[in-house]
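See structure below.
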Amino acid sequence: MGIQKIRNIGIMAHIDAGKTTTTERILFYTGKSHRIGEVDDGSATMDWMEQEQNRGITIVSAATTCFWKDCQINIIDTPGHVDFTAEVERSLRVLDGAVAVFCAVGGVEPQSETVWRQADKYKVPRLAFINKMDRIGANFFEVVQEIEDKLKASPLPIQIPIGSESDYKGNIDLIKLKEIHWNPDDQGSTFELKEIRDDLKDLANKWRENLIDKLSAFSDEITNLYLEGLDIPEDLIMSVLRQETINQSILPVFVGSSLKNKGVQPVLDGIISYLPAPEDIKEIEALHVKKDETILLQRTVKENPSGLIFKIQQDKEAGSLCYVRVYSGEFKSGSPVMNANKRKRERINRLLRMHSNHHEQINSVSAGDIAVIVGMKMAQTGDTICSEGFPVILENLEFPEPVISVAIEPKTMSDQDKLRTVLDTLQKEDPTFKVSENEETGQLIISGMGELHLDVLVTRITDDYKVEAKVGKPQVSYRESITKTVTHNEVFNRVLAGKENDANITLKIEPLPRGEANKFTSTIPKNKLPANLVNAVERGVTNALQSGTLMGYATINVGVTLTDAIYNELTSSELAFETAGALGFDNACRKAAPVLLEPIMEVDIMCPPEYVGDVISQITQRGGMVNSMESRPAYELVKAQTPLVKMFGYTTSLRSQTQGRGTFSMEFSHFSAKSE
Ligand SMILES: Nc1nc2c(ncn2[C@@H]2O[C@H](COP(=O)(O)OP(=O)(O)OP(=O)(O)O)[C@@H](O)[C@H]2O)c(=O)[nH]1
């Protein structure tokens with residue numbers, strides 16, 4: 001399959017917009033799935049993890065391949081829940097385009113905004129699909145307007161609905177200027193194109209005019225034809241649409257009802273016609289690890305293979321399944337491969353192409369494509385694999401630091417080793433999941449992005465891996481910082497193994513603005529202090545940063561400058577300077593008014609208008625600050641910032657306060673000085 005014929009796409013949506021239902025229809029129409037699995041009876045093909053079925057939400061992003069017309073579409077499923085940010089980010093990093101599914105009733109919900117921002121960050125070209133046109137309250141044009149207002153996108157309807165709610169009949173294709181009607185007898189597999197009814201002609205012409213008008217801003221050819229009153233060829237419209245979708249200056253909008261089997265095939269056509277092939281996207285940057293210099297790697301022309309591991313799943317029989325997106329060259333089954341991050345050689349035992357309910361063995365996988373590698377032992381999500389002769393590191397995935405932890409211990413001591421193995425496996429799969437040990441109590445602590453995230457992981461430990469474990473109460477992960485600038489002189493002098501060890505350093509430490517990474521610099525002229533001793537001080541400071549002086553949490557937002565040092569060629573050692581660095585930093589912090597920082601969350605609460613007052617007073621009681629309130633068609637949206645520690649158990653209290661009608665989502669915002 002030529003690279004022009006491949007599309008790596010994601011389907012993104014907030015919970016309940018109908019992503020799974022739409023994916024199911026896609027798999028059905030592309031002929032890979034023989035019956036339509038319904039989400040509600042828990043048989044959906046993509047939601048294959050038992051737990052997902054119980055919870056009715058999609059957690060795992062699996063890559064699934066299907067074929068439409070003469071193209072291969074690799075669908076990377078992206079979860080919509082913000083507790084699974086890492087899953088979303090890792091899939092966005094490897095996709096070339098996405099279909100954003102919106103609900104025709106709910107429109108742009110706060111969670112769609114979160115996922116949208118993430119897709120903006122990775123510059124992913126998108127199509128929009130406004131689903132659920134059959135539901136009561138569906139309003140296509142209002143959602144288009146909301147996409148423009150709230151997401152600051154430029155939505156451009158390519159199709160419009162004929163009727164809505166129970167009267168939703170089909171679509172008008174604004175390019176072909178025809179009505180499309182799906183056949184209810186074969187689950188919408190076939191459809192008919194009809195002339196536009198007289199009473200719909202005005203509406204169709206209005207939106208066709210809008211389409212041509214918007215496109216003419218990007219094409220003189222369209223403008224001229226339009227001004228001369230001539231026909232504008234379909235392929236001209238489509239090629240301008242493709243170009244501007246890839247440039248992200250236009251968001252083509254499709255419409256339908258996946259559940260009623262209407263409107264899905266045009267989205268598949270749209271994926272092929274408007275979303276980019278892997279080679280339509282700019283080159284990526286890679287770091288040549290051998291020469292330590294940044295070079296540009298063309299995604300397609302270079303022969304040397306390189307690929308990014310974006311997902312790891314454990315299979316009871318096959319072991320680690322490593323999902324790889326290949327950026328250059330080709331990987332072959334049975335050949336050796338280099339893990340550039342681990343600097344280790346591994347072997348590709350087998351290569352698989354995953355379909356939603358089966359897999360197929362393949363011999364090789366080339367640039368632009370996605371496959372699963374079986375046989376690698378050391379790989380972790382985010383690692384680059386490449387050939388030994390040409391080691392490169394592709395841009396690493398960025399993952400947020402976990403903000404919440406619980407202690408975990410096995411019910412019986414005999415399960416201790418098993419629990420550690422399982423935790424190790426889960427850590428490889430999910431970079432936002434961290435395992436550590438409390439030095440004082442020896443307890444194992446697991447940390448993640450939110451209560452739901454840890455909840456899901458604990459259920460996997462107990463149900464999938466059958467390790468009975470007890471978990472403690474969730475705890476917040478704090479950080480430490482300083483509030484004053486301080487200069488401190490540290491003198492270290494000790495006789496170790498009969499040898500004198502001397503160091504005398506002066507450190508200036510200062511608070512940095514929120515969000516800025518810790519920084520170490522030296523202002524001592526190079527001829528006054530050897531570089532290895534400067535490095536030794538830096539090592540000492542870096543170690544000391546890991547555990548703060550107040551409660552042992554990591555220190556953040558601190559700038560450290562080595563301003564002066566005295567050294568003696570005979571007695572000064574690296575060990576002495578490293579120790580002075582660590583002690584000096586700790587002592588300086590004590591003088592610099594250290595503070596404990598706590599995670600503050602961005603909380604979006606949705607509830608019917610009659611509960612807004614209660615919701616706000618409860619958020620205020622929990623130490624939160626309400627930033628804004630917005631009225632949406634079906635509910636009110638309250639946006640607030642609240643300390644994470646005050647949000648434990650909020651799900652239950654919101655539910656009881658709003659008689660089950662309120663929901664909320666929460667995302668890490670920043671660390672801030674703890675109020676009490
Ligand atoms: N009326 C109507 N309901 C739909 C439509 N599409 C999906 N649904 C229903 O909406 C609910 C959510 O659909 P899903 O496909 O699970 O949504 P999702 O976005 O995958 O949700 P998560 O897996 O939780 O992220 C289910 O009850 C579906 O049956 C539609 O076109 N019309």
Side-chain angles (χ1 to χ4, degrees), residues 12-17 57 79-85 88 100 102-118 120 132 135 137 139 142-143 145-153 400 403-404 449-453 455 474 476 514 598-676:
M12 39 187 254
H14 61 86
I15 286 177
D16 258 19
I57 54 169
H81 198 286
V82 278
D83 267 7
F84 305 107
T85 324
V88 181
F102 296 92
C103 169
V105 183
V108 179
E109 307 219 18
Q111 288 202 352
S112 333
E113 293 176 37
T114 310
V115 182
W116 196 267
R117 279 201 308 273
Q118 286 167 328
D120 282 343
K132 302 202 186 180
R135 270 190 60 190
N139 191 329
E142 217 168 87
V143 179
Q145 191 59 47
E146 260 191 54
I147 293 176
E148 185 166 340
D149 296 343
K150 295 203 179 119
L151 303 177
K152 311 283 174 254
V403 288
I404 180 167
M449 298 311 301
E451 274 182 286
L452 179 60
H453 185 206
D455 216 22
V476 166
R514 179 199 285 173
E598 65 175 341
I600 303 293
M601 309 302 280
E602 201 81 57
V603 186
D604 288 347
I605 307 149
M606 289 142 280
C607 65
E610 59 267 36
Y611 300 111
V612 168
D614 290 347
V615 162
I616 290 177
S617 73
Q618 199 179 61
I619 278 294
T620 320
Q621 268 170 27
R622 286 177 183 258
M625 249 178 46
V626 173
N627 291 336
S628 70
M629 278 161 49
E630 291 168 33
S631 288
R632 301 282 164 107
Y635 57 88
E636 296 289 307
L637 168 67
V638 178
K639 282 176 170 285
Q641 286 196 336
T642 307
L644 173 61
V645 68
K646 298 282 175 58
M647 290 302 287
F648 291 139
Y650 186 62
T651 315
T652 325
S653 73
L654 178 67
R655 217 175 272 149
S656 68
Q657 194 177 40
T658 59
Q659 310 202 333
R661 293 174 64 203
T663 56
F664 79 104
S665 71
M666 180 162 84
E667 195 187 5
F668 171 72
S669 163
H670 62 275
F671 280 102
S672 165
K674 195 160 160 34
S675 40
E676 32 178 297

Pairwise distance CZ(Arg622) to OG(Ser653) - rounded to 0.5 angstrom
4.0 Å

Separation of Glu598 CD from Lys646 NZ (nearest 0.5 Å)
7.0 Å

Only residue of Val645, Val403, Ile404 satisfying side-chain contact (heavy atoms from CB on, under 4.5 Å) with Val476 is Val645

Straight-line distance of Met629 CE to Lys639 NZ, nearest 0.5 Å
13.5 Å

Please tell me if the side chains of Ile605 and Leu654 come closer than 4.5 Å, counting only heavy atoms from C-beta onward.
yes

Distance from Lys150 atom NZ to Trp116 atom CH2, nearest 0.5 Å?
13.5 Å

Where do Phe671 and Arg514 come nearest, in terms of heavy atoms and distance?
O-NE, 4.1 Å

Locate the shortest heavy-atom distance separating Phe668 from Pro599; write the atom from each residue and the value.
CE1-CB, 3.8 Å

State the CE-CD1 distance between Met625 and Ile616, to the nearest 0.5 angstrom.
13.0 Å

Heavy-atom closest pair (Met647 atom, Val603 atom, distance to 0.1 Å) is CE-CG1, 3.9 Å

I want to check something: taking the side chain as every heavy atom from C-beta on, are Ser631 and Glu636 in contact at a cut-off of under 4.5 Å?
yes

Indicate whether the side chain of Asp614 and that of Gln618 have a donor and an acceptor atom separated by less than 3.5 Å.
no

Heavy-atom closest pair, residues Cys607 and Val615
SG-CG2, 3.9 Å

I'd like to check Ile619 versus Tyr650 (side-chain heavy atoms, cut-off strictly below 4.5 Å). Are they in contact?
yes

Side-chain contact test, heavy atoms from C-beta onward, threshold under 4.5 Å: evaluate it for Cys103 versus Asp16 and give yes or no.
no

Rounding to 0.5 Å, atoms OG1 (Thr642) and CE (Met601) come to a distance of 9.5 Å

Between Ala104 and Val143, what is the shortest heavy-atom contact and its length?
O-CG2, 3.5 Å

Heavy-atom closest pair (Pro643 atom, Gly623 atom, distance to 0.1 Å) is CD-O, 3.4 Å

